[in-house]
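What follows is one structure encoded as structure tokens, with my remarks underneath.
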Amino acid sequence: MSAVLETSIKPTLIELQHIHVRIDERDILKDVDFSIHEKEIITLIGPNGAGKSTLIKVLLGIVKPNSGKVISNKPLKLAYVPQKFNPSHSLPLRVKDLLDLEKCNAQIKAEIIKDTGIAKLENSKVQQLSGGERQRVLLARALLRQPDLLVLDEPMQGLDIQSEAELYDYVRSLPERYGCSILMVSHDLQWVMQGTERVVCLNKHICCSGLPERVQQDPAYQALFGNQRVLYQHHHDHCAHGDTATTCQHDSRPHIHPEPEA
Ligand SMILES: Nc1ncnc2c1ncn2[C@@H]1O[C@H](COP(=O)(O)OP(=O)(O)OP(=O)(O)O)[C@@H](O)[C@H]1O
């Protein structure tokens with residue numbers, strides 16, 4: 001079955017209808033219609049200032065649109081991994097304390113901690129984590145909420161190439177594993193357009209959307225990004241450690257390996 005057909009028969013999780021956001025006399029979002037289906041993976045792309053973060057904030061209920069509606073058939077649990085997270089230095093917090101804020105079944109919690117590669121960080125202070133470690137911890141915290149929709153705003157930031165590839169595979173496994181839908185914002189077209197079910201291209205309004213290979217042929221997409229940004233054909237072993245491509249023996253499910261120790 002094609003991805004488009006599969007998407008069309010999945011029930012709608014949340015729908016934005018005719019969303020208009022205007023701030024300081026400027027149109028930030030114009031007549032945006034957008035829906036996310038159950039267990040769907042969508043990538044939101046668009047140039048700087050296109051309104052991607054604003055659209056997310058509308059979905060999360062942080063920004064109230066000037067007009068339009070956000071509709072869902074049931075109360076949804078939403079989780080968000082932000083682009084930036086700067087915990088206050090005056091509030092020393094260990095990773096363990098941050099994770100304990102989310103109530104979650106112990107077995108699922110252990111699985112998430114293992115799969116995001118953060119087991120060794122539990123006693124580290126959140127303020128002292130590296131960029132890549134922080135992204136993993138934020139992803140784990142978001143998953144502990146067991147959300148219906150997981151929103152990731154450029155989650156690859158700070159991750160090394162190996163971890164980035166693993167995170168991408170891991171994220172792709174989440175709808176089947178935990179039943180959530182994924183909305184990912186990314187500028188990294190090579191990675192994110194590969195394998196996501198639907199790409200939505202935003203520039204205040206939705207310019208085009210659909211399968212990645214169709215979107216990149218769309219004149220609206222080419223006007224924004226040019227026609228040289230071809231899909232990256234990505235064939236390699238995501239379960240290799242370090243420089244030597246040794247297949248990971250301990251777990252065949254997608255997961256992210258811990259950062260190497262110094
Ligand atoms: N609270 C605000 N007050 C004034 N302007 C705002 C506010 N929030 C967003 N904007 C403006 O709205 C526009 C869209 O911003 P937004 O952060 O949604 O874009 P984006 O697509 O996420 O950009 P980027 O890719 O650079 O992160 C920008 O021009 C921004 O300056």
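Each ligand, and each atom within it, is numbered from 1 in the order the structure gives.
Of the N and O atoms on the side chains of Q217 and E213, not one donor lies less than 3.5 Å from an acceptor on the other residue. No hydrogens or angles considered: a donor-acceptor pair under 3.5 Å links the side chains of D31 and H18. For S163 and R136, the side-chain atoms include at least one donor-acceptor pair closer than 3.5 Å.
Among protein heavy atoms, the minimum distance from atom 14 (C) of ligand 1 is reached at G49 O, 3.4 Å. Closest protein heavy atom to atom 25 (O) of ligand 1: K52 NZ, 2.7 Å. In this structure, the protein non-hydrogen atom closest to atom 17 (O) of ligand 1 is S53 CB, 3.6 Å. Remark: minimum distance from atom 27 (O) of ligand 1 to any protein heavy atom is reached at Q83 NE2, 3.9 Å. In terms of protein heavy-atom proximity, atom 16 (P) of ligand 1 is nearest to T54 OG1, 3.7 Å. Closest to atom 30 (C) of ligand 1, if we only count protein heavy atoms, is R26 NH1, 4.4 Å. Counting protein heavy atoms only, atom 4 (C) of ligand 1 is closest to I23 CG2, 3.5 Å. Protein heavy atom at the shortest distance from atom 26 (O) of ligand 1 is N48 ND2, 2.9 Å.
Close approach to P47 involves these atoms of ligand 1, each under 4.0 Å from a residue heavy atom: 21 (O).
With sequence neighbours excluded, the residues that form a side chain to side chain contact (heavy atoms under 4.5 Å, CB included) with L78 are L60, L76, L149. With sequence neighbours excluded, the residues forming a side chain to side chain contact (heavy atoms under 4.5 Å, CB included) with N105 are Q107, I108, listed by chain and number.
Residue I28 touches ligand 1 through its side chain alone, judged by heavy-atom distances below 4.0 Å.
A salt bridge is defined here as a Lys NZ or Arg NE, NH1 or NH2 lying under 4.0 Å from an Asp or Glu carboxylate O, and E122 with R94 fails to meet this definition.
Geometrically, ligand 1 and G51 share a nitrogen or oxygen pair separated by less than 3.5 Å.
Tested against E197 for a side-chain hydrogen bond (donor to acceptor under 3.5 Å, both in side chains), the candidates K10, H37, R172 yield a single pass: K10.
For C104 against K109, the heavy-atom pair with the smallest separation is SG-N, 4.0 Å.
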